[in-house]
Protein chains: 2
Amino acid sequence: MKDATAPQTRIQREKRELILEAALDVFAAFGFRGSTLDQIAERAGISKPNLLYYFEGKEAIHAQLLARLLDTWLDPLRELNPKGDARAEIRAYIFRKLEMARDYPRESRLFANEILQGAPRIGDELAGPLRALVDEKVTILRAWMAEGKIAKVDPYHLIFAIWATTQHYADFDVQVRAVLGRDDEARFHDAAQFLEQLFFAGLDPR
Amino acid sequence: MKDATAPQTRIQREKRELILEAALDVFAAFGFRGSTLDQIAERAGISKPNLLYYFEGKEAIHAQLLARLLDTWLDPLRELNPKGDARAEIRAYIFRKLEMARDYPRESRLFANEILQGAPRIGDELAGPLRALVDEKVTILRAWMAEGKIAKVDPYHLIFAIWATTQHYADFDVQVRAVLGRDDEARFHDAAQFLEQLFFAGLDPR
DNA sequence: TGGTCTTTTGACCAATTGGTTAAAAGACGC
DNA sequence: GCGTCTTTTAACCAATTGGTCAAAAGACCA
């Protein structure tokens with residue numbers, strides 16, 4: 001085995017998935033260097049040599065997780081439609097990002113860990129595809145601003161603000177929980193409502 | 001030596017400071033588990049046994065850094081003055097936080113790493129003093145909202161949004177740089193201007 | 001200059017790390 | 001039931017980890 005390309009049997013696909021699932025837990029919590037193969041193997045319920053039968057090594061598992069992540073992470077931004085209504089499009093983008101923070105917090109933390117550590121493994125991805133996509137969407141935002149559809153603000157920092165405010169609920173989950181109280185089920189509903197107000201009205205009293 | 005309480009000689013104070021400085025670099029970049037004493041010793045330019053002459057161990061160095069951090073991290077929020085002008089106070093708070101992200105990015109990342117990993121060492125600090133401080137300031141924000149000084153929004157999520165948007169420039173620095181281009185010196189100026197607009201007017205076209 | 005206290009380090013240690021190997025145990029078609 | 005291929009693991013391994021120790025090297029003052 002050990003060939004990552006085209007896993008064949010059902011059992012191979014399942015085991016690889018099982019390992020990636022366990023690895024996501026561990027890498028998201030401790031970062032690449034802070035995670036160990038023993039931890040991952042134990043969480044996956046298999047032996048370490050068995051784990052290494054399915055993946056070439058620690059790097060390979062991490063790389064696979066990052067590749068998958070990057071593939072879907074930017075989907076919400078890609079969907080920003082220049083032909084749609086400006087406010088509706090931005091609102092939808094914010095909500096999609098917030099949903100991702102809610103539904104895929106481990107992926108968000110995996111990404112946060114990688115960036116915090118200087119993006120040693122996805123630096124090229126950031127400078128290339130990510131930057132290109134952002135530039136493209138910034139053009140759309142600028143057009144909307146020129147048409148008077150939305151306020152004239154720095155479009156780059158607008159995107160950063162959307163990333164920051166939404167991902168915060170995944171990455172800083174422990175802090176949010178500590179402040180709001182143990183299990184606030186309305187958390188994401190309240191966050192959505194707040195972000196809507198913040199981005200579309202600011203703190204100006206009406 | 002090895003007694004953390006009351007370091008006496010000048011040389012002791014300097015060496016401990018040197019070590020903490022090096023450790024901040026390393027812990028901020030790799031998190032607790034991803035950092036090694038050899039790394040820290042090398043960056044400090046001393047031998048590992050020498051490092052362990054000044055600190056009890058890896059935990060002790062990390063604990064000291066966190067203690068220091070927590071002591072100053074919440075200062076900006078503490079300064080939010082209930083007797084001041086609502087908008088001016090919030091604006092000042094945002095700017096102070098942004099300044100901290102600019103001037104102390106390593107501290108911000110150290111904190112981010114700790115939270116990302118589930119706050120195993122400062123969980124009590126979050127549930128205790130942090131929560132209490134936030135609750136206190138939320139009361140002030142609610143009063144301002146009742147007086148019509150600022151819009152009625154969820155005050156907790158408002159604080160989260162300020163934390164998220166400002167710390168983003170320290171924690172996700174690599175990503176910000178990759179998107180904006182290598183060395184955008186106006187970055188923090190633009191960020192300040194944008195945040196002012198976002199929080200005090202939103203995206204409504206004027 | 002000698003004596004004491006502080007500071008520094010080379011040599012070492014047990015535990016853990018990522019990873020290998022060879023052989024055992026299953027799975028599966030016949 | 002048999003032969004082959006896949007899957008699993010016990011037993012290792014070299015390197016790195018956090019940490020110790022005893023002795024050397026400085027610092028400082030009489």
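Numbers restart at 1 for each chain; the letters A, B, ... are given by sequence-line order, proteins then strands.
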Undergrad: Produce the list of close N/O pairs, under 3.5 Å, pairing protein atoms with atoms of nucleotides 24-28 of chain D; give distances to one decimal.
TA:
none

Undergrad: Ion pair present between A:E196 and A:R87, side-chain N to carboxylate O less than 4.0 angstrom?
TA: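 Looking at A:R87 together with A:E196, the answer is no, because their closest N to O distance does not fall below 4.0 Å.
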
Undergrad: Measure the CZ-CZ distance between B:F194 and B:F199 for me, rounded to the nearest 0.5 Å.
TA: 8.5 Å

Undergrad: Atom CG of A:L37 and atom C1' of D:dT8: how far apart are they, to the nearest Å?
TA: 17 Å

Undergrad: Contacts to DNA chain D from residues 41-51 of chain B, heavy-atom cutoff under 4.0 Å, which residues?
TA: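 Result for residues 41-51 of chain B: B:K48, B:P49, sorted by number.
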
Undergrad: In whole angstrom, give the distance that lies between atom CG of B:L52 and atom C1' of C:dC12.
TA: 14 Å

Undergrad: Just N and O in the side chain of A:Y53: are any of them under 4.0 Å from OP1 or OP2 of D:dT7?
TA: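 Indeed, a polar side-chain atom of A:Y53 lies that close.
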
Undergrad: Please report the closest heavy-atom contact between A:L37 and A:L51, naming both atoms and the distance.
TA: O-CD1, 4.0 Å

Undergrad: Can you tell me how far C1' of C:dT16 sits from NZ of B:K58, to the nearest Å?
TA: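 For the pair B:K58 NZ and C:dT16 C1', the rounded distance is 12 Å.
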
Undergrad: Tabulate below the donor-acceptor pairs under 3.5 Å that side-chain atoms of residues 115-134 of chain B make, not counting sequence neighbours, or state none.
TA:
unit_1: B:R121; atom_1: NH1; unit_2: B:E59; atom_2: OE1; d: 3.2
unit_1: B:R121; atom_1: NH1; unit_2: B:E59; atom_2: OE2; d: 3.2
unit_1: B:R131; atom_1: NE; unit_2: A:V179; atom_2: O; d: 3.3

Undergrad: Under 4.0 Å between a side-chain N/O of A:K15 and OP1 or OP2 of D:dT8, yes or no?
TA: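 The answer is yes; a side-chain N or O of A:K15 sits under 4.0 Å from OP1 or OP2.
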
Undergrad: Is it the case that A:D135 and A:Y156 place a side-chain donor and acceptor less than 3.5 Å from each other?
TA: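 Yes - a donor-acceptor pair under 3.5 Å links their side chains.
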
Undergrad: Which heavy atom in A:Y54 sits nearest to a heavy atom in A:R16, and how many Å separate them?
TA: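 Closest heavy-atom pair between A:Y54 and A:R16: O-NH1, 2.8 Å.
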
Undergrad: Report yes if a side-chain nitrogen or oxygen of B:Q12 is closer than 4.0 Å to either non-bridging phosphate oxygen (OP1 or OP2) of C:dT7; otherwise report no.
TA: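 Result: yes.
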
Undergrad: Between B:R33 (CZ) and C:dT16 (C1'), how many Å, whole number?
TA: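 Whole-Å distance recorded here is 11 Å.
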
Undergrad: Supply the atom-to-atom distance A:D25 CG to A:R109 CZ, rounded to the nearest 0.5 angstrom.
TA: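 CZ of A:R109 is found 9.5 Å from CG of A:D25.
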
Undergrad: Using 4.0 Å as the upper bound for N to carboxylate O, is an ion pair formed by A:D85 and A:R91?
TA: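 Not counted as a salt bridge, because no side-chain N and carboxylate O are separated by less than 4.0 Å.
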
